[in-house]
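Here the structure comes first, spelled out in structure tokens, and everything after it is commentary.
In what follows, every heavy atom counts, from backbone to side chain, and hydrogens, waters and symmetry copies are set aside. Throughout, residue positions are numbered sequentially from 1 according to the sequence presented.
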Amino acid sequence: MSEAQKTAERQDAGPSTVTGVDRFFRITERGSTFGREIRGGFATFFTMAYILVLNPLILGSAKDKFGEQLDPVQLTTATALVAAVMTIIMGVGGNLPLALAAGLGLNAVVAFQLAPLMSWDDAMGLIVLEGLLICVLVVTGLREAVMHAIPQPLKQAISVGIGLFIALIGFVDAGFVTRIPDAANTTVPVQLGSTGTLAGWPMLVFCAGVLLTIGLIARKVRGAILISIVAMTVVALVINALADVRTWGLTTPEWPDRIVDAPDFGLLGQFSLFGAFGQVGVVTVVLLVFTLVLSDFFDTMGTVVGVSAEAGLLDEDGKVPGLGKVLLIDGAAAVAGGAASASSATSYIESAAGVGEGARTGFANLVTGSLFGLALFLTPLLTIVPLQAAAPALVAVGFLMMTQVKHIEWDRYEIAVPAFLTIAVMPFTYSITNGIGAGFLAYVLIKTVLGRAKEVHWLLWGTSALFLVYFAIDPIEQLLGV
């Protein structure tokens, strides 16, 4: 074969390969590019990389019924591994820019509600059971049917509420907003900074990051979010080296002593599927699993709808493309998280940062998942990004998601009131699930009061009944003596 022929074949093979990847992920079809997907993957990783520090901190600080604690190094490995594998699976199987990792809130339930009642193996076994039950709900079509039964205005309200929620997460993570301890003898639940004023170099990094991010977005600069994260990380590294900074919070921007750190897979497979039944009894296990399932179910639902809506991927009926696969993978992630002792893994609302950077397909997940894979060995290097440098991305994405509020019909009370409660309760209670529950209950109630109960889908009636149980779980447990 001549050199000219070989060169021609190589030229043909290159575009063909790229076209194949493009076709598989539908990158061009969704109006994206490889550059946007890659930038989006990086942005998503940097906005959720804190979980590599926070999950081991939460789970590692708790003791089980027998006084045992989980090893932080092993927890870091398990957290990174589950996030890497499940994020890539979601990208390939679900083709959404939706990253997964150990769920905040759910890990706190494992650490402070489950572990004190049983062993760590038993607690992680309950997480596996929860994930298996969610998978059953997906396979039977019930989970997808519930999502399709939600009226479009409520889906829009969920997206807006998540926008406010994710902005609040950014403000809180950076320390711009803090909770005042009860000992302060004040009725104000939150305040500006830690003392009512903004102080310290870390706060300057955050504020400058917000201004830089919104300025770049207003100028329609490509890579605005990622540029801001990288630029403010460099600024933070310089400040930390030159100034006397008391604390940066979870992640300190300083060059690590070593770049490579060996992973420890010792926690993988350390779970007992039915051990909890012998420790706390059937009734208590059922209530615990019910709470876990409901929280995971609707947190994921809100996240999937919110991220998909922001990416412009919902169809004319407000449905998410390939929803069945997406929900099944999310359920499998809960199983994987429990089996690896990393707590339940779930879809991350921080994925909206990648969407804000232009990601529209699962190709972005290959980037995010690969970075989590690198974190198995390069955790010291990849965790130098302080929250103050990453949090501005969440504030900016909160604004982008908030713009959907214009589609809600505020002059129709049967839509406006449930939408308002959905939007308000999410950030004020720091829970997507609580906001969805409040909106559902208000929607069903108002439709009934107006004599239009027949317009409510039967699945919304059933889901609202479950939310009544969810909100009243404490008196129900007291009534049952558990």
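- More than 12 heavy atoms of other shown residues, nucleotides or ligands fall within 6.0 angstrom of atom OH in Tyr348.
- Here the shortest heavy-atom pairing between Val138 and Gly324 reads CG1-O, 3.6 Å.
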Report task. List the steps and the verdict of side chain to side chain donor-acceptor pair (under 3.5 Å) for Asp64 and Ser119. Result -> CA-CA 5 Å; Asp64 67 8; Ser119 70; 5.3 Å; no
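- Counting only distance, with no hydrogens or angles, the side chain of Asp121 and the backbone of Gly275 share no donor-acceptor pair below 3.5 Å.
- At least one donor-acceptor pair closer than 3.5 Å links the side chain of Asn365 to the backbone N or O of Leu98.
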Requested in this report: Could you please spell out the steps behind the side-chain contact (heavy atoms from CB on, under 4.5 Å) verdict for Thr303 and Thr300?
Outcome: CA-CA 5 Å; Thr303 299; Thr300 295; 5.6 Å; no
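- Residue Phe399 qualifies as open at atom CZ: its count of foreign heavy atoms under 6.0 Å is 12 or below.
- In this structure the side chain of Ile384 never reaches within 4.5 angstrom of the side chain of Glu254, judged on heavy atoms.
- Atom CD1 of Ile158 sits about 6.0 Å away from atom OG1 of Thr422, to the nearest 0.5 Å.
- A donor-acceptor pair under 3.5 Å is absent between the side-chain atoms of Thr77 and the main chain of Pro263, judged by distance alone.
- The shortest heavy-atom contact between Pro386 and Ala236 is CG-CB, 3.8 Å.
- Here the shortest heavy-atom pairing between Asn107 and Ser343 reads CA-OG, 3.3 Å.
- The side-chain heavy atoms of Pro56 and Leu70, taken from C-beta on, include no pair separated by under 4.5 Å.
- Residue pairs meeting the side-chain hydrogen bond (donor to acceptor under 3.5 Å, both in side chains) criterion with at least one partner in residues 33-43, sequence neighbours excluded, are Ser32-Glu37, Glu37-Thr361.
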Requested in this report: Show your reasoning for whether side-chain contact (heavy atoms from CB on, under 4.5 Å) applies to Trp120 and Gln270.
Outcome: CA-CA 8 Å; Trp120 283 111; Gln270 299 299 311; over 6 Å; no
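- Atom-to-atom distance recorded for Arg30:CZ and Asp22:CG is 11.5 Å, nearest 0.5 angstrom.
- If you take OG on Ser228 and CZ on Phe46, they are separated by 12.5 Å, rounding to the nearest 0.5 Å.
- Within the 4.5 Å cutoff, no side-chain heavy atoms of Phe271 are placed close to those of Val335.
- When all heavy atoms are compared, the tightest approach of Ala123 to Val110 is CB-CG1, 4.4 Å.
- With a 4.5 Å cut-off on side-chain heavy atoms, Ile436 and Phe440 count as touching.
- A donor-acceptor pair is defined here as one N or O able to donate and one able to accept, closer than 3.5 Å; such a pair exists between the side chain of Thr213 and the backbone of Gly209.
- Within the 3.5 Å criterion, the main-chain N or O of Val73 finds no donor-acceptor partner in the side chain of Asp264.
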Report task. Given side-chain contact (heavy atoms from CB on, under 4.5 Å), test Val289 with Val293 step by step and report yes or no. Result -> CA-CA 6 Å; Val289 171; Val293 168; 4.0 Å; yes
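- Of the listed residues (Phe171, Tyr430, Phe428), just one forms a ring-ring contact (aromatic ring centres under 6.0 Å, His included) with Phe165, and that residue is Tyr430.
- The structure places CG of Asp122 at 10.5 Å from CG of Leu117, a figure rounded to the nearest 0.5 Å.
- With hydrogens and angles ignored, the 3.5 Å screen pairs no side-chain donor or acceptor of Thr87 with any backbone N or O of Ala99.
- With hydrogens and angles disregarded, a donor-acceptor distance shorter than 3.5 Å links the side chain of Asn95 to the backbone of Gly362.
- Side-chain N or O atoms of Ser351 include none that pairs as donor or acceptor with a backbone N or O of Ser347 at under 3.5 Å.
- Counting heavy atoms from C-beta outward, Leu81 and Leu268 have side chains that approach closer than 4.5 Å.
- Two residues are said to be in side-chain contact when any heavy atoms from C-beta on lie closer than 4.5 Å; Ser308 and Leu96 meet this criterion.
- Atom CG of Leu387 sits about 11.5 Å away from atom CD1 of Ile169, to the nearest 0.5 Å.
- Residues Glu144 and Leu327 have side chains in contact (heavy-atom distance under 4.5 Å, counting atoms from C-beta outward).
- In this structure a side-chain-to-backbone donor-acceptor pair under 3.5 Å is present from Glu357 to Ile225.
- Note that the CD1 atom of Ile150 and the NZ atom of Lys319 stand 12.5 Å from one another [nearest 0.5 Å].
- Between Phe471 and Asn434 the shortest side-chain heavy-atom distance falls below 4.5 Å.
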Query raised in the report: Please walk me through it: do Val320 and Leu314 pass side-chain contact (heavy atoms from CB on, under 4.5 Å)?
Result: CA-CA 5 Å; Val320 179; Leu314 299 181; 3.5 Å; yes
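- Scanning both residues, Ala390 and Thr47, for their nearest heavy atoms gives O-CG2, 3.9 Å.
- The two atoms that bring Ala157 and Ile423 nearest to each other are O-CG1, 3.5 Å, heavy atoms only.
- Ring geometry, Phe363 versus Phe34: the interplanar angle exceeds 60°, so the pair is classed perpendicular (tilted spans 30 to 60°).
- Open room surrounds NZ on Lys325; 12 or fewer heavy atoms of other groups in view lie less than 6.0 Å from it.
- Using modelled atom types, one side-chain atom of Thr79 and one backbone atom of Leu75 make a donor-acceptor pair closer than 3.5 Å.
- Ring geometry for Phe274 versus Phe277: interplanar angle of 30 to 60°, hence tilted.
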